[in-house]
**Student:** 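Supplied in structure tokens, the structure appears directly below.
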Amino acid sequence: MDATNSNRPDDFIRDIVRQDIKTNKFGGRVHTRFPPEPNGYLHIGHAKAIWISFGIAEEFGGLYNLRFDDTDPTKEEQKYVDAIIQDIYWLGWDWGDRLYFASDYFEQMYEYAVQLIKKGKAYVDDLSADEIREYRGTLTEPGKPSPYRDRPIEENLDLFKRMKAGEFPDGSCVLRARIDMASPNMNMRDPVMYRILHATHPHTGAKWCIYPMYDWAHGLEDSIEGITHSLCSLEFEDHRPLYDWFLDELGIYHPQQIEFGRYSLTYTVMSKRILRPLVETGIVSGWDDPRMPTLSGMRRRGYTPEAIRIYCESSGVSRANTTIDLAFLEHCLREDLNSRAPRIMGVLRPLRLIIDNYPENQVEELDAVNNPEDPGAGTRKVPFSKVLYIEQDDFREVPPPKYYRLTPGREVRLRYAYLVTCVGVKKDEKTGEIIEVHCTYDPATRGGDAPDGRKVQSTLHWVSAAHALEAEARLYDKLFTRENPLDVEAGADYKDYLNPDSLEILKSCRVEPSLAKASAGSLYQFERTGYFCVDPDTSPEKLVFNRTVTLRDTWAKIQKQQK
RNA sequence: UGGGGAGUCGUCUAAUGGUAGGACAGCGGACUCUGGAUCCGUAAGUGAAGGUUCAACUCCUUCCUCCCCAGCCA
């Protein structure tokens with residue numbers, strides 16, 4: 001069976017869920033969650049994780065929650081909450097009224113912690129952070145118990161209450177689970193449950209000064225919300241015994257944690273550690289720079305939610321950490337854009353073409369197809385006249401092998417217009433640069449077909465000089481030159497692998513007049529060159545386009561081979 | 001050198017003891033008013049060695065490689 005392109009994805013998680021439904025494990029329910037920490041922007045890796053959790057719930061007729069895992073006020077901000085909501089909503093998910101905040105459960109978590117203390121399963125530790133680290137041991141040596149580990153329960157209760165009351169400064173003490181300092185799993189060596197942080201929290205303000213750690217909080221959040229399958233990435237596998245331990249000790253509802261492999265993409269990095277300096281040093285224009293792997297960047301670039309969904313569905317789920325080829329993402333993008341993007345003609349690097357035998361002041365309105373993949377998209381009129389612009393690349397005075405565009409003496413088609421034959425060029429006397437191409441046209445070929453049935457080798461796009469709109473095009477390429485920018489050679493830095501050509505700005509493009517009212521976010525295929533979308537920087541005076549992705553370019557491939 | 005994971009064409013992913021298949025990328029071709037799209041063809045893989053079996057990607061043993069864990073981050 002072809003699982004890759006199937007409309008019904010299948011993977012080990014879906015197998016488990018299917019089995020759980022069959023055995024009535026959670027009363028037949030499926031309820032998942034996506035738990036972002038609001039400390040940064042979402043990227044394409046998150047989109048995949050969201051697709052896994054939300055998609056599975058959706059497929060099995062279950063529910064999914066959006067929950068902010070906001071347990072560290074020193075890193076979290078409201079602006080991230082807002083941006084994350086916007087991004088996930090843009091992706092097309094609708095969590096209904098199930099928007100939750102872990103911080104709304106702090107009171108309940110506190111009560112649970114008290115229960116654990118009363119069971120003798122948690123204690124307040126006065127050791128400093130450094131001391132705790134020393135006492136924890138190493139990967140090969142067991143840890144040793146803190147001198148405060150056997151504090152009487154009453155004392156722990158009192159101390160914990162006073163921690164909450166704000167009697168102690170940051171870092172003075174913590175609440176720890178009392179498990180096993182000799183466990184080969186470092187996570188089980190009396191993990192910290194609460195630390196003191198006198199900080200303002202974006203959601204709870206100054207209400208709390210003790211904040212729960214991830215391991216303590218996460219299972220409780222899942223339990224409180226009645227999550228059935230708590231899906232997360234592989235690095236949390238070591239934490240599952242702890243997840244289970246807390247829930248079992250408390251004797252409360254126990255969701256099942258399942259881990260999947262992490263996803264990365266070639267030629268990009270997802271890590272904030274790398275991305276942040278790019279933003280801060282101005283190497284990119286912001287978190288929404290169209291070269292960024294952030295969802296806001298991809299949105300500005302012209303990626304569609306549908307393309308991202310195709311990518312998620314088609315790239316599979318497994319327990320292996322994988323690196324997906326950027327070309328595959330782009331393939332999914334083109335697949336979506338090809339079917340939906342209206343075609344227009346736009347010339348990126350204009351070269352004047354003059355039709356010597358065309359009447360001086362004549363203008364014809366020619367019919368052009370809006371989208372050959374979608375007959376319902378109809379046609380439009382495009383003005384044609386004596387002076388046109390064509391692409392510089394579409395003319396060669398001396399053609400290289402296999403070049404079959406315009407060259408002296410050759411006849412080509414101007415798309416939807418006429419067959420024209422090159423009869424000469426005009427060069428700048430000083431530089432020798434070609435500044436004009438002269439052609440003659442065959443009036444009998446109006447619309448682009450010759451009555452005698454003769455064929456031409458190529459069809460060029462064009463715009464009428466007098467009617468064209470000026471536009472700026474921002475051409476994007478991969479941000480890094482290496483498949484894995486983090487795989488740095490000795491003495492090198494990921495910054496050495498930044499692609500110097502990741503952005504090229506063309507300021508004097510010419511596009512057909514039908515684009516006059518194009519609004520920000522609109523997507524087009526510039527025939528023969530690529531998919532473009534209107535950037536928010538666009539204005540009535542100047543259209544600004546982002547190149548989303550090029551068309552597959554066989555000629556570029558041939559040229560590459562010839563070198 | 002403690003613990004936990006993962007190894008199938010270059011990449012992603014199927015085959016759950018019975019012909020190692022698909023997708024992307026590559027290569028070649030057909031078609032075309034986008035060198036687009038579409039279609040066809042082609043090369044390429046089970047980390048290694050043993051063992052069990054009529055039969056092993058699948059089960060067993062040993063080994064190798066890669067990833068994660070020593071935050072009062074998530």
**Student:** Just how far, in rounded Å, is P of U34(B) from CG of Leu366(A)?
**Tutor:**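 Computing the Leu366(A):CG to U34(B):P distance gives 16 Å.
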
**Student:** Pull up the glycosidic torsion of G41(B) and say syn or anti, syn being anything within 90° of 0.
**Tutor:**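 Anti, since the glycosidic angle lies more than 90° from 0.
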
**Student:** Applying side-chain hydrogen bond (donor to acceptor under 3.5 Å, both in side chains), name anything that partners Arg240(A), two or more places apart in sequence or on another chain.
**Tutor:**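 Residues passing side-chain hydrogen bond (donor to acceptor under 3.5 Å, both in side chains) with Arg240(A): Glu259(A).
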
**Student:** Can you measure Tyr311(A) atom OH to U13(B) atom P for me and round it to whole angstrom units?
**Tutor:**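 Value for this atom pair: 10 Å.
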
**Student:** Would you indicate what Gln525(A) reaches in the nucleic acid, counting non-hydrogen atoms under 4.0 angstrom: base, sugar-phosphate, or nothing?
**Tutor:**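 Answer is base: heavy atoms of Gln525(A) come under 4.0 Å of a base.
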
**Student:** Check ring pair (Phe, Tyr, Trp, His ring centres under 6.0 Å) between Phe260(A) and all other residues, then give those that pass, not counting sequence neighbours.
**Tutor:**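 Listed in chain order: nothing, the list is empty.
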
**Student:** Could you pull out the protein-nucleic contacts involving nucleotides 27-32 of chain B (nitrogen or oxygen on both sides, under 3.5 Å)?
**Tutor:**
| residue | atom | partner | partner atom | Å |
| --- | --- | --- | --- | --- |
| C27(B) | OP1 | Gln561(A) | NE2 | 2.9 |
| C27(B) | OP2 | Lys557(A) | NZ | 3.4 |

**Student:** Rounded to whole angstrom, note down the C1' distance from G26(B) over to A44(B).
**Tutor:**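 Rounded to whole Å, the distance is 10 Å.
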
**Student:** Using the C1' atoms only, state how far U46(B) lies from C64(B), rounded to an integer number of Å.
**Tutor:**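 To the nearest whole Å, 16 Å.
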
**Student:** Taking only N and O in the side chain of Thr140(A), is any of them less than 4.0 Å away from OP1 or OP2 of U1(B)?
**Tutor:**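 So the side-chain polar atoms of Thr140(A) never come under 4.0 Å of the phosphate oxygens OP1 or OP2 of U1(B).
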
**Student:** Within the 4.0 Å heavy-atom criterion, would you say Glu373(A) contacts the bases, only the backbone, or no part of the nucleic acid?
**Tutor:**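 The residue Glu373(A) makes base contact.
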
**Student:** Between U58(B) and U16(B), how many Å separate the two P atoms, rounded to a whole number?
**Tutor:**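 Result for the P pair: 13 Å, nearest Å.
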
**Student:** Can you name the ring pair (Phe, Tyr, Trp, His ring centres under 6.0 Å) partners of Trp462(A), sequence neighbours left out?
**Tutor:**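 With sequence neighbours excluded, Trp462(A) shows a ring pair (Phe, Tyr, Trp, His ring centres under 6.0 Å) to Phe384(A), given in chain and number order.
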
**Student:** If you only use heavy atoms from C-beta on, which nucleotide in G4(B), U34(B), G10(B) is closest to the side chain of Asp325(A)?
**Tutor:**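 Among the listed nucleotides, the one closest to the side chain of Asp325(A) is G10(B).
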
**Student:** Rounded to whole angstrom units, what separation is found between the CD1 atom of Ile558(A) and the C1' atom of G26(B)?
**Tutor:**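 Rounded to whole Å, this separation is 15 Å.
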
**Student:** Judged by atom type as modelled, is there a donor-acceptor pair below 3.5 Å linking the side chain of Thr204(A) to the main-chain atoms of His201(A)?
**Tutor:**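 No, the answer is negative, given that no donor and acceptor are paired below the 3.5 Å cut-off.
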
**Student:** CZ of Arg552(A) versus P of C24(B): gap in Å, rounded?
**Tutor:**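 So the two atoms are 9 Å apart, to the nearest Å.
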
**Student:** OH/Tyr311(A) to CD/Glu335(A) distance, rounded to the nearest 0.5 angstrom?
**Tutor:**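 With rounding to 0.5 Å, OH (Tyr311(A)) is 14.5 Å from CD (Glu335(A)).
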
**Student:** Using the P atom in both, what is the distance from A43(B) to G5(B), to the nearest Å?
**Tutor:**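 Roughly 39 Å separates the two P atoms.
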
**Student:** Please identify each residue that fulfils side chain to side chain contact (heavy atoms under 4.5 Å, CB included) with Pro372(A), with sequence neighbours left out.
**Tutor:**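 Scan of Pro372(A) (side chain to side chain contact (heavy atoms under 4.5 Å, CB included), adjacent residues dropped) gives Arg343(A), Val369(A).
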
**Student:** When the P atoms of G21(B) and G41(B) are considered, how many whole Å apart are they?
**Tutor:**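 Looking at atom P only, G21(B) and G41(B) are 14 Å apart.
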
**Student:** Contact between Ile344(A) and Phe532(A) at the side-chain level, heavy atoms closer than 4.5 Å - yes or no?
**Tutor:**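 A side-chain contact is absent here, since even the closest heavy-atom pair is not under 4.5 Å.
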
**Student:** Hey, does the side chain of Thr554(A) come within less than 4.0 Å of G36(B)'s phosphate (OP1/OP2), counting only N and O?
**Tutor:**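 Looking at the OP1 and OP2 atoms of G36(B), one of them is under 4.0 Å from a side-chain N or O of Thr554(A).
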
**Student:** For Ser172(A), check side-chain hydrogen bond (donor to acceptor under 3.5 Å, both in side chains) against everything at least two apart and list the hits.
**Tutor:**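 If we apply the side-chain hydrogen bond (donor to acceptor under 3.5 Å, both in side chains) test to Ser172(A), skipping adjacent residues, there are no hits.
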
**Student:** Which part of the nucleic acid, if any, lies within reach of Thr529(A) when heavy atoms closer than 4.0 Å are counted: base, sugar-phosphate only, or nothing?
**Tutor:**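 No contact at all - Thr529(A) keeps every heavy atom at 4.0 Å or more from the nucleic acid.
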
**Student:** Can you tell me if Arg334(A) touches the phosphate of G36(B), counting only side-chain N or O atoms and a distance under 4.0 Å to OP1 or OP2?
**Tutor:**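 Checking Arg334(A) against G36(B): no side-chain N or O falls below 4.0 Å of OP1 or OP2.
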
**Student:** Measuring to OP1 and OP2 of A6(B), would you say a side-chain N or O of Arg319(A) lies under 4.0 angstrom away?
**Tutor:**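 Checking Arg319(A) against A6(B): at least one side-chain N or O falls below 4.0 Å of OP1 or OP2.
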
**Student:** Could you tell me the separation between the CG atom of Leu326(A) and the P atom of G26(B), rounded to a whole number of Å?
**Tutor:**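 Rounding to the nearest Å, CG of Leu326(A) and P of G26(B) are 13 Å apart.
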
**Student:** Determine the Euclidean distance between corresponding P atoms of U8(B) and G45(B); express it in Å to zero decimal places.
**Tutor:**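 Looking at atom P only, G45(B) and U8(B) are 14 Å apart.
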
**Student:** Tell me: CG of Asp487(A) to C1' of C67(B), nearest whole Å?
**Tutor:**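 So the two atoms are 14 Å apart, to the nearest Å.
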
**Student:** Just jot down the side-chain hydrogen bond (donor to acceptor under 3.5 Å, both in side chains) partners of Glu167(A), sequence neighbours excluded, or say none.
**Tutor:**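 By the side-chain hydrogen bond (donor to acceptor under 3.5 Å, both in side chains) rule, Glu167(A) matches Arg162(A).
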
**Student:** What distance, rounded to whole Å, do you find between the two C1' atoms, one in U61(B) and one in A70(B)?
**Tutor:**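 Their C1' atoms lie roughly 32 Å apart.
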
**Student:** What nucleic acid atoms does Arg240(A) come within less than 4.0 Å of, heavy atoms only: base, sugar-phosphate, or nothing?
**Tutor:**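 No contact.
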
**Student:** Considering only the C1' atoms, how many Å lie between G51(B) and A55(B), rounded to the nearest integer?
**Tutor:**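 G51(B) and A55(B) have their C1' atoms separated by 15 Å.
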
**Student:** Over how many whole Å does the gap from Glu141(A) atom CD to G2(B) atom P extend?
**Tutor:**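 Rounded to whole Å, this separation is 12 Å.
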
**Student:** With distance as the sole test, does His461(A) use its side chain to make a donor-acceptor pair with the main-chain N or O of Gly346(A) at under 3.5 Å?
**Tutor:**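 Yes; at least one donor-acceptor contact below 3.5 Å.
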
**Student:** By the 4.0 Å heavy-atom rule, please label Asp367(A) as base, sugar-phosphate, or nothing.
**Tutor:**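 Touches nothing.
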
**Student:** Which letter, B, S or -, goes with each nucleotide of nucleotides 68-74 of chain B from 5' to 3', with contact meaning a protein heavy atom under 4.0 Å?
**Tutor:** BBBSBSB

**Student:** Among side-chain atoms of Glu221(A) and Tyr100(A), is any donor-acceptor pair under 3.5 angstrom?
**Tutor:**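 No, Tyr100(A) and Glu221(A) have no side-chain donor paired with an acceptor closer than 3.5 Å.
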
**Student:** Checking Tyr263(A) now: which residues fulfil side-chain hydrogen bond (donor to acceptor under 3.5 Å, both in side chains) with it, not counting sequence neighbours?
**Tutor:**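 Once residues adjacent in sequence are excluded, Tyr263(A) has no partner under the side-chain hydrogen bond (donor to acceptor under 3.5 Å, both in side chains) criterion.
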
**Student:** Among pairs that include at least one residue of residues 447-463 of chain A, which meet salt bridge (charged side-chain N to carboxylate O under 4.0 Å, His left out), considering only residues two or more places apart or in two chains?
**Tutor:**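 Residue pairs passing salt bridge (charged side-chain N to carboxylate O under 4.0 Å, His left out), neighbours aside: Glu411(A)-Arg454(A), Asp442(A)-Arg454(A), Asp452(A)-Arg454(A).
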
**Student:** Name the stems with RNA chain B in them: runs of three or more consecutive Watson-Crick or G-U pairs, distances under 3.5 Å?
**Tutor:**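 Expected stems, ordered by start: B:2-7 with B:64-69, B:10-13 with B:21-24, B:26-30 with B:38-42, B:47-51 with B:59-63.
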
**Student:** What nucleic acid atoms does Arg413(A) come within less than 4.0 Å of, heavy atoms only: base, sugar-phosphate, or nothing?
**Tutor:**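 Since a base atom lies under 4.0 Å of Arg413(A), the category is base.
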
**Student:** What is the distance, rounded to the nearest whole Å, between atom CD of Glu259(A) and atom P of G4(B)?
**Tutor:**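 Glu259(A) atom CD is separated from G4(B) atom P by 14 Å.
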
**Student:** Does anything in residues 169-183 of chain A form a salt bridge (charged side-chain N to carboxylate O under 4.0 Å, His left out)? List the pairs, not counting sequence neighbours.
**Tutor:**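 As it turns out, the salt bridge (charged side-chain N to carboxylate O under 4.0 Å, His left out) pairs with a partner in residues 169-183 of chain A, which skip direct neighbours, are Asp125(A)-Arg176(A), Asp150(A)-Arg178(A).
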
**Student:** Using a cut-off of 4.0 Å on non-hydrogen atoms, how would the nucleic acid contact of Tyr531(A) be classed: base, sugar-phosphate, or nothing?
**Tutor:**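 Counting heavy atoms under 4.0 Å across all strands, no contact is made by Tyr531(A).
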
